[in-house]
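I have placed the structure first, in the form of structure tokens, so that the comments after it can refer back to it.
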Amino acid sequence: MAFNEEANIANAISTVLEQKPASGSIAELIVVASGCTDRTSEIVACFARNDPRVRLIVEDRRAGKASAVNVFIDAAKSPILMLVSADILVKAGTIDALLQHFFDPTIGMVGGRPIPVNDEGTFLGHTVHLLWRLHDQIARESPKLGEIVAFRNIVPSIPPDTSVDEISLQALITESGYRLVYEPQAIVYNRGPTTLGDFLRQRRRIYAGHLEIAKAHGYAASTMSARRVVSALVRSESVRAPRASLWIIGAAALEWTARVLGHYDFVRRKQHHIWATVGTTKRDLTQGTDATGEQHVLVFHHVDFALENLELGLRVTRSSLQQMARRIQTTLGPNAVVSEHKKGTVIAVVSGDRSEAESAARLLVQDLTADQRDQRNGNESLKIACGIITFPPSGGPVVRTIPALAG
């Protein structure tokens, strides 16, 4: 479901199509572009010409996300449907982590774990991270699903005037007798609001929508419970961070204000299903939080992967590649988008200064080579190389190569 998402729609689609779920297959990817006035439809149409799984549905008028969700439900024919926000990136393995739960016939809906890319060194960035950490803790105990959800194709439609589509689905799935599951290993990256106005508008709309669902279906999202929120906050690592006390007080005040405003809207029956765009969440997610505008694609290649595959087997080499990806993600930080690919390749997308990206890549080549050598007790030679493609704000891309080092 997309409205003016030209900054991130290509990234979102790519991270879905690159998934290789073992528990099923991606039959089709449907984008409902509603009233877009930018290049969203054009970008999706380009994907559709090159991949038969991609299908574009254009709505000339924006009628709200719930209306677009109903268009999607009506068009999709697969037994398991998935809602993926157009302003997120899907981590490798996420779709498989969601799908595996549906082998249990009692499960009707599964949701993943959103991780924001906001700069946690700012007050609003800290607040956004805090909210999603609390969401993660609460959802592990009582599922609250959002940003990416998979569900059985048993719901004919959701109320067209709801402003919280995932909660509406949760209520309907639960009423049908199915269970909900939260899967923290199914990770997506998103960007929260970066201005006070956008933050309050978003949180106000969500709370008003939750109140509407509670009234219509008698279903309350687990995050509505003040007891659960306080309990999760006490257990959160955020309370031990620098400046935690003052920033947590500020975050609580913001959330309380948004809930008061949301309750006011609920009493007045103000509709939020066609909401004002939260502009600060619509940037290209692969740009992280840096202001330089430079993007870098780091391609790490395990030169001996094919040989190891023959000698040690697919399972061992795949585990080695996964460890390599985790090390790269840890080194580059949460704002980097890291994905594993076939034949011993790991791709990372980062933003920032070119020299810093190249320096990080060189260190990673050295460290990864040393790590792999240590795992083999120094008995085998291993080579890892890296290529870097930098996309500056203007001008053509710049290519650098970091040659492999002998292990």
Side-chain angles (χ1 to χ4, degrees), residues 1 3 34-35 61-70 73 83 85 87 109 111 114 124 127-128 130-132 134-135 137-139 141-147 149 151 155-176 180 182 190 192-193 195-233 249-281:
M1 279 39 74
F3 170 68
S34 302
R61 183 177 62 87
R62 186 185 180 209
K65 185 179 177 182
S67 175
V69 168
N70 286 336
I73 290 175
L83 291 181
S85 298
D87 55 359
M109 184 172 175
L124 271 179
T127 300
V128 169
L130 175 62
L131 286 175
W132 282 115
L134 297 180
H135 176 279
Q137 290 190 39
I138 294 171
E141 300 170 358
S142 179
K144 160 68 166 62
L145 316 179
E147 294 297 285
V149 297
F151 59 99
V155 177
S157 65
I158 62 174
D161 58 350
T162 182
S163 60
V164 283
D165 48 286
E166 291 100 344
I167 294 297
S168 295
L169 281 168
Q170 282 186 220
L172 293 169
I173 293 287
T174 302
E175 287 177 357
S176 298
L180 309 176
Y182 173 67
N190 65 356
T195 68
L196 288 174
D198 279 353
F199 182 90
L200 286 172
R201 275 192 292 273
Q202 185 182 79
R203 300 300 300 168
R204 174 181 187 170
R205 166 181 60 80
I206 290 172
Y207 190 72
H210 284 176
L211 292 174
E212 288 286 354
I213 295 299
K215 177 183 178 181
H217 298 276
Y219 181 88
S222 55
T223 51
M224 295 279 281
S225 167
R227 178 186 60 80
R228 283 198 176 105
V229 173
V230 173
S231 175
L233 180 60
I249 291 172
L254 272 181
E255 178 67 12
W256 179 81
T257 301
R259 291 193 176 201
V260 169
L261 292 172
H263 188 270
Y264 176 65
D265 291 343
F266 168 71
V267 172
R268 292 173 55 228
R269 298 183 180 179
K270 179 179 179 179
Q271 295 295 314
H272 284 282
H273 63 288
I274 306 178
W275 59 78
T277 300
V278 181
T280 55
T281 66

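When side chains are defined from C-beta on, Ile73 does not count as touching Ser157, because their heavy atoms never get closer than 4.5 Å. You'll find the side chain of Leu124 reaches within 4.5 Å of the side chain of Leu254, heavy atoms only. A 4.5 Å side-chain heavy-atom check between Gln202 and Asp198 finds every atom pair outside the cut-off. For the pair Ile213/Ser168, a side-chain contact is recorded, criterion being any heavy-atom separation below 4.5 Å from C-beta on.
A distance of 7.0 Å separates CD1 of Ile173 from CZ of Phe151, quoted to the nearest 0.5 Å. The CG atom of Leu134 sits 12.0 Å away from atom NZ of Lys144, with the distance rounded to the nearest 0.5 Å. A distance of 11.5 Å separates CG in Asp265 from CZ in Arg205, rounded to the nearest 0.5 Å. His263 contributes atom NE2, which lies 12.0 Å from atom CG of Leu261 (distance to the nearest 0.5 angstrom). A distance of 6.0 Å separates CG in Leu83 from CG in Leu169, rounded to the nearest 0.5 Å. Between Tyr182 atom OH and Ile138 atom CD1 the span is 10.5 Å, to the nearest 0.5 Å.
Here the side chain of Gln170 pairs no donor or acceptor atom with the backbone of Leu180 at under 3.5 angstrom. Ser231 places no side-chain N or O within 3.5 Å of a backbone atom of Arg227 that could act as its donor or acceptor partner. Side-chain atoms of Ser176 come within 3.5 Å of backbone N or O of Leu172 as a donor-acceptor pair. Between the side chain of Ser142 and the main chain of Ser222, no donor-acceptor pair closer than 3.5 Å is present.
Counting heavy atoms of neighbouring residues, nucleotides and ligands inside a 6.0 Å radius, atom CZ of Arg268 exceeds 12 of them.
For Val149 against Gly146, the heavy-atom pair with the smallest separation is CG1-N, 3.9 Å. Smallest separation of non-hydrogen atoms from Ala66 and Pro160: CB-O, 3.6 Å. What you find for Ala232 and Gln137 is that their closest heavy atoms are O-OE1, 3.2 Å. Counting all heavy atoms, side chain and backbone alike, Ile158 lies closest to Thr162 at CD1-CG2, 4.1 Å. The minimum heavy-atom distance between Phe199 and Pro193, with the atom names listed, is N-CB, 3.5 Å.
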> Checking side-chain contact (heavy atoms from CB on, under 4.5 Å) for the pair Leu131/His135: CA distance, chi angles, key distance, verdict?
Replying inline: CA-CA 6 Å; Leu131 286 175; His135 176 279; over 6 Å; no
> Stepwise, does the side-chain contact (heavy atoms from CB on, under 4.5 Å) test hold for Leu211 with Val267?
Replying inline: CA-CA 10 Å; Leu211 292 174; Val267 172; over 6 Å; no
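Applying the salt bridge (charged side-chain N to carboxylate O under 4.0 Å, His left out) definition to pairs two or more places apart or across chains, those involving residues 249-258 are Arg203-Glu255, Glu255-Arg259. Residue pairs meeting the side-chain hydrogen bond (donor to acceptor under 3.5 Å, both in side chains) criterion with at least one member in residues 209-218, sequence neighbours excluded, are Glu175-His217.
For Thr127, there are no side chain to side chain donor-acceptor pair (under 3.5 Å) partners two or more places apart in sequence or in a different chain.
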